[in-house]
Structures are given as C-alpha cells and as structure tokens.
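As structure tokens, the structure follows; a few thoughts come after it.
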Amino acid sequence: MSQTKEMEQKWIAKWENAHLFEADPDSKREKKLVTFPYPYMNGPLHVGHTFTASRVDAYARFKRMQGYNVLWPWGWHWTGQPLLGASQRVARGDQAYIRVLREVDGVPEEELNKFVDPLYMAQYYTSEGRLAAKSVGFSVDWRRDFTTVLPTYQKFIEWQYKNLKEKGFVTRGTHPVVWCPKDQSPTGDHDRQSGEGVTPEEYTLIKYRLDDQSVLPAATFRPETVYGLTNIWINPDATYVEAIVNGENWVISQEAAEKLKEQERKIEVKRNFKGKELIGKTFENPVTKLKFPILPGWFVDPKTATGVVYSVPAHAPYDWLALRDLQQKPETLSQFGIDSEMVKAIQPISIITVEGFGDHPAVEIVDKMKIKDQNDPAADQATKELYKKEFHSGILKANCGQYAGKTIREAKDLLISDFRKSGLTDSMYDLSEPVFCRCMTQCIVKILSDQWFLNYSDPKWKELAKQVVDQMNIYPDSAKPWFNTVIDWLREWACARTTGFGTPLPWGKGWIIETLSDSTLYMAFYTINKHIKQNSIKPESLTPEVFDYIFLGKGNQNQVSADSGIHSDLLEEMRKEFLYWYPFDLRNSAKELVPNHLSFCIFHHAALFPPELWPRAIGVNGMLMVEGQGMHKSKGNFITLKGAVEKYGADATRCALLLGAEGMDDPDWRAENVTDLKTKFEALMGFAGNIISSDQIAENTALERWLTSRMQCRIKEVTSSLDELKTRTALQTALFETWNDLRWYIQRKGNCNTKALVEAVKDWLKMLAPFAPFLCEELWSRTGEDGFISVANWPLFDDSKVDAASEEQENLITDIMADTNNILKAMKITPTRICYYTPASWKWDLYLKILEKTLTGEVKINELMKEFAANKDLKPHMKEVANMVPRVIKALTKVSGIRKSNMQKIRIINEQFILEESLLFLKNRFNAEIDVYSEDDADRFDPKRRASMAMPYQPAIYVE
RNA sequence: GCAGGGGUCGCCGAGCAUGGUCAAAGGCGUAGGCUUCAGGAGCCUAUCCUGUAGAGGUUCGUGGGUUCGAAUCCCACCCCCUGCACCA
C-alpha cells in the first residue's frame, strides 16, 4: 500500500471511530444542511460526480470549521428503467456491454454473473459507491443513507404524491410518446437502437374534400399555406386505404391508418388500393371552396404522416420542383390520362410577402441556388432557409382571408385553433426520423391515455415557484434568470410510467412514479431516516398521517402514535429533528439538472412546504470534461472515482477537480495536471512539515507583521469565496497565493523559524482542510494541536492584524527589485555593484502633498507650483521641484486608491533603514555588492549622478 | 430553432456588474541559474515585441460606435459549450 493510501485509510478510520461527521440536532449551534442529488446506480461513481460532490464537501467542511452543525447526507437512486435495461443486457449476454462492465467499471468476474438480477447490480454499485465516497473523504453522515426502492422511502413518496394530488397539482390526460409496439412500452433515448433525441411532432391534417363521402387529410406543419394550394400529391405506387376514422371516411396511406390506431382513433379499414387510382381526380379546398387536381408525386413517403401531401409551389421549393418536373413531362401525365395543358396552366399562388423575395420565393430560391430537381440535396437547404425566413418575417397577403396582414408568427397558432374548431382540420403525431427500439422494432407514436401529470403549467404554482427562487441564493448569480425562464417554460410533466423500478402511484394501477418525479423532496427524508433505520420502523407504520405530523405538524401526536404504532416520543423527536435541519441550506448539482431536477425540487417545495421550509440556496456547476472532451464509457475516457483516488490520491483528485472551474464553466480533467498536483502536495508536505517540526523563536519585526497582515487578506478572500461557493477561487488563494506569501517570508527572513511563521502555516492548513483534508489532518497532528483539523476553528479575519506600513515596506523592496531587474535587462549586464539612493527629506514633503491632492480631487500643476514656491523648505530646490512634480503625478496614477490612502496614513517610511536591513537579501538576489546612500549624503558613491532621481517609494539606482 | 452560458498574452484560467490602478492575477508548460544528485523534487529568474537606465510599442473572437480614455459600456456579425421532456 502506498504511503498516501495508508495515510488516507488511517484518517478515514479515525473520523469514523470519532463519529465526526454524524450530525444530530444541537440547539446550541446553528445548523447547515447541505445536499447533492443522489447518484443513479447503474454504474460506478465517476469523477463527474466527484467534482460536484467535492464542492459540497468543501462547503460542508468549511461550515463545520466555522462552528456550524453540518449535516451532509447521501442517498442512492435506483428508480427507473436503465438499471433494468442494463441488467437485461447482461442476461442477454451482450458481450460489448459486459466488456465495458469488466474493463471500465472494473466489475470482477464472479460479480458479473450475478448482474442478471438488476437489484443485485444496483446493490453492488451502491456498496462500491459508498466505499468510493468514503475513500475520497466526503464528510457524510452515513447513518441516513437509503435507496429509492426501500419500502420506507416509498411510503414517503406515496405521502408526497397523495398531498400533491389533494392540492390539485396532479392532473390526468393524454400524452404522445415514442412507443415500441413489440415491448408495449415507451421507448426512451436509453432504450433506442437509433433515433436518439427524436420526439413526437404534431402535424396539422387539413381535411380536403374528395367527394361527398370522403376526405383526404393532408399533413403539414404550415397550415397557413392552405391559401396557396394548387394541387395534392399522391404516390401512385403506394398503398392507400379507405377507412372510417371516428365516423368519417378518410383516404390515407396504409401505414397512416396503422399509426392512427395508436392515437386514440377508432379505425375501420374498408379497402386497400394503389395511389394511382386517385391521380387525376379533383378535390375541394374546404377553406376556399375551390377545386384542384390530384397529381402523381413519387417523392411522397407513405410512411410519413398521412401519405397525403398538398402542394404550395409559390412557397415550398419541393412542390415547385415537382410541379416543374411534371410540366416538362407530358408523357408521364398522359399515362394517368391527365391533360398536360391543364398541368402547364398551374401557376404558383403567392400568399406571403417576405423581405428579399418577390411573389414566388420558392421559384426564386430554386433558380438562385440552381437546384436541378427534387433529388438535389440543395433543395432541403433551400426549404429550411425559406421556411425560416417566412416564419420570422413573412406577412400573409390579402388572399388569406381574415389572417391577411398578420405575420406568420402571429397567425399560425390562431389559425390552427380556428380551423380546428370549425372542423376543417385534425391532427396527428409522427416522428421526424425513424426510431428503432433496442429490440430492433421500429417505433411509432402512441398517445397514452390515463396519463398522470404534474401540472407545472399551473400559473399559481409557477408563481409560488418563483417566490421560492426569489427568496433564495443561487450560485452563481447568473443562473438565477435561467431558473425563472425554466419555471415559465415548464409544462405538464408525465410523472408516471409503466415499467422500471420505483414507487407505484398510490391511486393508479400499473403506474410507477418516474425517476425525476420521485426525487424532488427527499432531502426532508434524510432528516428522519436515521430514526427509521435505528428504530427499525416498519413501512406500514409510516402512514400519511405520520408524515403529515412530522413534516407539516398536522394531527394529534398521541392519536398518530396510537394509529401508527410509532412511539409518541419518537414521533416528537422526528418532528423536532426535521424542524431543526430543514430547510436545506445548499443543494449543488451540475447545470444539466437546472431545467428538470432542480426546478422540480423548487416546485415541489413550493407546493408542499410553507415558506420557512423553502430551499435556502442552490449551487450550479459545469459539466466535467476529460482531456477536453465529454466523458463517455464508449469514448474510452471514463474515469471512476475509485480509479482516480487509487492513482492520484484523494486530496489531489479533489483539488484537481476544484481547480478546474467554478460557476457554470466546465472543468477539464487532465491527467497531467492531476499528477502535477500530486507531486505538489508531496512538496507541500515537506515544506509545511519542516516548518511545524522545528524550533521556533518569537520575533516581531516588520516581516512578521507583514506575514500576519498578508494572512488576513488571504483569510478574508478564502472565506468570502467559499461563502459564495467559489471553490476554485478559494482553493487557488488558499493553496497557491498563500504558499507564495510564505515562500516570500522565508526568503526574506533567511533560515530562521519564527512563531509567526508557524502560526501562519497553521492557518494555512486550516484554509486547505476543506479541500485536502487528509494531508491537512496529517500535518495538523504533527503540530501538537489536539483534535481533528476537520473540526478546528476556521481562521477569523482580524482587521487589527492588517498592517499597511509593513506591507508598504515590502512593496518598496519588490518594486526596487523589479526596477533593478528591468535596468539589468535593458543593459544586458551582470552587475557587480548596485547603489540605491533614498530621497532627500524635502521630497517627502512634496510627495505627500501631491498624494493628498490626488486623493482629494483634481491635481492642478500650476497651483501646486505656486504652493511649493511659497514653501521656504522647497524654495531652494525649485528647479528640481519643477522636474519632479510631473513624475510624481504619473507615478501615483499607477497606484491603487487603497494603497494611496494607506500611504497617506503611514506618511514617511524610513527607506534608508528598510534597505539597509535588507542588504544581505538583496546582495544574494543580485549576487552583487549593494550600497545604500541618502541622496544628500555628501560622501556617497555616485559616478553617474543618479542620486537626484530618487523619489519617495522609488529610490534612485546605479548599477555597474 | 428556442433558452442559458461562453470566446483573454503557448495551455488552463482571473479580470468585465462599479471604464483609467491592465502588458492584464494565479496555475501549468518552456528557458536559464542554484541546490540536490539514483531518480525525482526543491529554490530563484525570465517568458507579447523593442530597448546599454527603471521606458516605449502592439494586444483581450471580428467589425463598427460612445468616451479625454475600453478587455471592461453600446450595436452588428462569427464561433464554441449545455439543455429542450417521460430520460437519468
């Protein structure tokens, strides 16, 4: 076992033995409840989970050190289909998948066989996941964890849904889904062989009248073009049917009739026939009452929608191309006995004015793009371009009835509902691309009836949800408007499905509450699950009345106790524990969950809990990338939490992730960076270890004051960053910037070890402890301090320790070194001797005067000069004064406001003394003799007469 | 398409709400030096261009604009990432 691993195991064991992260109510301390969406257990935890959870852990550890009673609970999501699907793939002997389990997930051979049982599989990953989460040092209270198939949890979900229904947030209706006819179940993206991301689309069917008995329902996304109709296209070779659809005689493709059977239609097919039977007949446009011909169109796909297409050649490139083809081929028409002159006479009918085009945009775009025929791929592009343009800027012309003058955008929805009401149209769903189920069956659209929805459309509910958002913090701030738009956009959410693991809908036979809908309020369940587990409370005892009492304070405690069999005291304890911890103070997740899980969580809290129990804060972070790419098992760049910790150690894994990004930016996991960080931590171990283990002397020079002062600045920054969940900034400051300060102090001080340095290192370790807990515990234990650093007091910013004077002294040194280096670089020499000249005292008068002016307002050179001329100390130097004033003004523009006001408070610094004290340091730095003179020292060595250049905060320099 | 977030000096990334203190933090990488020397690590210096004196020049996706002054404000355009529903 490596040293790192040994150390990690040691501290995990110590924490566990001390029950350090097990949190119980404590009325003397303020609480923080922090959470992370429980991971789905169809695979191992990976570095993506680790990133999001590390942010929660850093925050939890930080708050714990600040003295809060912090609870971080964890759970395991088993609800849904993928777990079943995965298990079935193992059962089927899917070798590709089994290989992934073996090689990527690292599942041992003897376990693999047992994965035919999906519950076993979930249990395996859960146990592994718990070990992995512990190994990376997450400070979780494991007494409260659960899986979502536990009967006790399901009782909680039943209670939640019972309440939602009673409050009217659950509705019933129909819903179109992608459906596998063989499996008899909806086909989600995960269940598909092909056609990922394809969703049902609703077509408008315009019911053209074929004759007195029958209609030809033509499918379209642009029903407004009904005014520009010139003909209908039917595929002469496809099979069509005459069918009674809900009592009406329809002529549609055979495939369409099959599809409509699944879309809540009663269908009776009367007869089959070839499309050519229809060619040449006429029909009536129900909107305009005009008659038009049916023409042959081989491009018409009977598998798409109804297999009946109407033609608008003025505005649809495909229609124009098909018409033009026919007009040029009279022999084709004669096969169907159609008068070719009649077809030639068909003119596109213009109905839309659109910017940049004339009357017949489709004709124009076909000409412009030189599209040859219907098979030209450019036709598709032309169609998209024109549709987009017409939709956004097109205006309907006078021949469009009551919709004339409206933009398409305005008219569309209105027109659809008008036509629908007057019975001119109907609708059907279809898929834009073929979708195949994993069982290789082609999917269709099915309309599910009796579907249960969470009615996120309800304006009152939306309003409540917005109030929740309004009263809480969202990190980063920029995510807040996103939540509000999501709340506006969410519609009814089908909250139950027919297959998969989960809680059965309490009132609906055969329905199971789906996975995004059973995970919205469970943070409340953590607060009492400890008691449920410890007291082995039976699921049947967990009646709705019990939860009503615990969460809502409803009912009589003794009565509830008597009815449920749960001891009255225990009931009360649970109620108290819930009220102690709730609401949660932080929930952090990746940004992909904003439009669903996190928003649902907000909705459900709004619906079920009173405002004082609404969420306090939500954090959102980016999606982890691996070497610049999205992480996927199939890409071979999948990195498990377990694997990362084994290879790099827990501290490096956590910190590499947290240094990657904050806010909504996506962090990038780069193996090289993690390795670097691992070695950096080894170095840190040596660096800090040396300091804390050697003897210390008490000193209080400007350098010690400088170090203590800098530490205050770092403490302030790390603390405020962590408070806003800016974990990257916080870690960067705590790790690198602070380290740089310590290094600088050591360099300046030489080899001696002071108490101030040790104190600084202790504070440093505390600031690092939320990020790299193992390393910090280890070093902390060597400082001689008692107890765990995990619960040590967070360093407090102390304004009285901020020492502007010593900081300015150090600035003098760093500035003069930078200037010297600049000179050396320009001269391209290695120096043997460097002389510094500090300014004459009258220059300080002048400098401070100008400083005062820049702080109080405008600086006017004329007035300054007059003032200086009247000063008897300055009068003898007026020539130099005239020279200096512009230089000082310019130098001061480069100084920050804070530093300027510090300088004003400090007044004169003794540059002579500071430089002489640093002589040895500078000598070693430049490897040259260093001399310090005052400008007015008559005996100074100054061959190039540089001394007169000296200014306060900028001694003159001479090098040779 | 709609919505949200972005494009900064080799790379990763701060800065942008409150314009000047920005050639622009920090990390990584690279180069030189020191130390150690089995390997590694550590420490220092440099790292847009120019410069024999602490300076000057040109930069912050592209093109305009506002201003004494813009990485930061306004307008247009280009490119990238994320989500868009029964799926976790």
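Note on naming: letters A, B, ... go to the chains in the order of the sequence lines (proteins, then strands), and numbering restarts at 1 for each one. Because the structure is predicted, anything quoted here is derived from the model rather than measured.
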Original post:
Which way is the base of B:A25 turned, syn or anti, if we draw the line at 90° from 0?
Top reply: anti
Subject >> For B:A76, the Watson-Crick or wobble partner whose two distances fall under 3.5 Å >> reply: B:U62
Subject >> Of A:His77 and A:Met623, the one whose closest RNA chain B nucleotide lies more 5' >> reply: A:Met623
Original post:
In terms of side-chain geometry, is the basic nitrogen of A:Glu672 or A:Arg670 positioned less than 4.0 Å from the acidic oxygen of its partner?
Top reply: no
**OP:** Tell which nucleotide pairs with B:A3, taking only Watson-Crick or G-U wobble pairs whose two distances are both under 3.5 angstrom.
**Re:** B:U82
Original post:
Does the ring of A:Tyr958 carry A:Arg946 above it, NZ/CZ under 6.0 angstrom from centre and within 45° of its axis?
Top reply: no
Subject >> Nucleotide nearest A:Trp489 (side chain, heavy atoms from C-beta), chosen from B:G51, B:A3, B:A53 >> reply: B:A3
Original post:
With both distances under 3.5 Å as the test, what is the Watson-Crick or G-U wobble partner of B:C43?
Top reply: B:G33
**OP:** Have a look at A:Arg899 and say if it touches a base, only the backbone sugar-phosphate, or nothing, with a 4.0 Å heavy-atom cut-off.
**Re:** nothing
**OP:** Please determine if A:Asp488 and A:Lys462 form a salt bridge, counting it only when a charged side-chain N lies under 4.0 Å from a carboxylate O.
**Re:** no
**OP:** Locate the shortest heavy-atom distance separating A:Glu627 from A:Asp668; write the atom from each residue and the value.
**Re:** N-OD1, 3.1 Å
Original post:
Whom does B:G26 pair with, Watson-Crick or G-U wobble, provided both distances fall under 3.5 Å?
Top reply: B:C12
Subject >> Any N/O donor-acceptor pair, A:Asp819 side-chain to B:G54 base, under 3.5 Å >> reply: yes
**OP:** Name the pairing partner of B:A17, where a pair is Watson-Crick or G-U wobble with both distances under 3.5 Å, or state none.
**Re:** none
Subject >> Distance, P atom - from B:U30 to B:A41, rounded to whole angstrom >> reply: 10 Å
Original post:
Between B:G54, B:G27, B:C44, which nucleotide gets closest to the side-chain atoms of A:Ile957?
Top reply: B:G54
Original post:
Base, sugar-phosphate alone, or nothing: which one does A:Tyr958 contact when heavy atoms must sit under 4.0 Å apart?
Top reply: base
Subject >> Spacing of the P atoms in B:G64 and B:U50 (rounded, Å) >> reply: 28 Å
**OP:** Could you measure between the two P atoms, the one in B:A76 and the one in B:A88, and give it in whole Å?
**Re:** 41 Å
Subject >> Ion pair check, A:Arg728 and A:Asp665, cut-off under 4.0 Å >> reply: no
Original post:
Is the base of B:G51 touched by the side chain of A:Lys825 through a donor-acceptor pair closer than 3.5 angstrom?
Top reply: yes
**OP:** Identify whether any heavy atom of A:Pro831 sits under 4.0 Å from a base atom; if not, whether one sits that close to sugar-phosphate; answer base, sugar-phosphate or nothing.
**Re:** nothing
**OP:** With a 3.5 angstrom cut-off on both distances, give the Watson-Crick or G-U wobble partner of B:C48, or none if there isn't one.
**Re:** B:G57
Subject >> Atom C1', compared across B:G15 and B:G26: separation rounded to whole Å >> reply: 12 Å
Original post:
Which letters describe nucleotides 13-24 of chain B, given B = protein heavy atom under 4.0 Å from base, S = only from sugar-phosphate, - = neither?
Top reply: SS------B---
Subject >> A:Lys446/A:Glu262 salt bridge by N-O under 4.0 Å criterion >> reply: yes
**OP:** Starting from the 5' end of RNA chain B, give me the residue, A:Lys680 or A:Arg670, whose nearest nucleotide shows up first.
**Re:** A:Arg670
Original post:
Side-chain N or O of A:Asn690 less than 4.0 angstrom from OP1 or OP2 on B:G42?
Top reply: no
Subject >> Nearest-Å distance once atom P is located in both B:C73 and B:U18 >> reply: 9 Å
Original post:
Ion pair present between A:Glu808 and A:Arg899, side-chain N to carboxylate O less than 4.0 angstrom?
Top reply: yes
Subject >> Atom pair distance, as rounded to whole Å: CZ in A:Arg887 and C1' in B:A55 >> reply: 12 Å
Subject >> Side-chain donor-acceptor pair present, A:Thr52, A:Ser589, cut-off under 3.5 Å >> reply: no
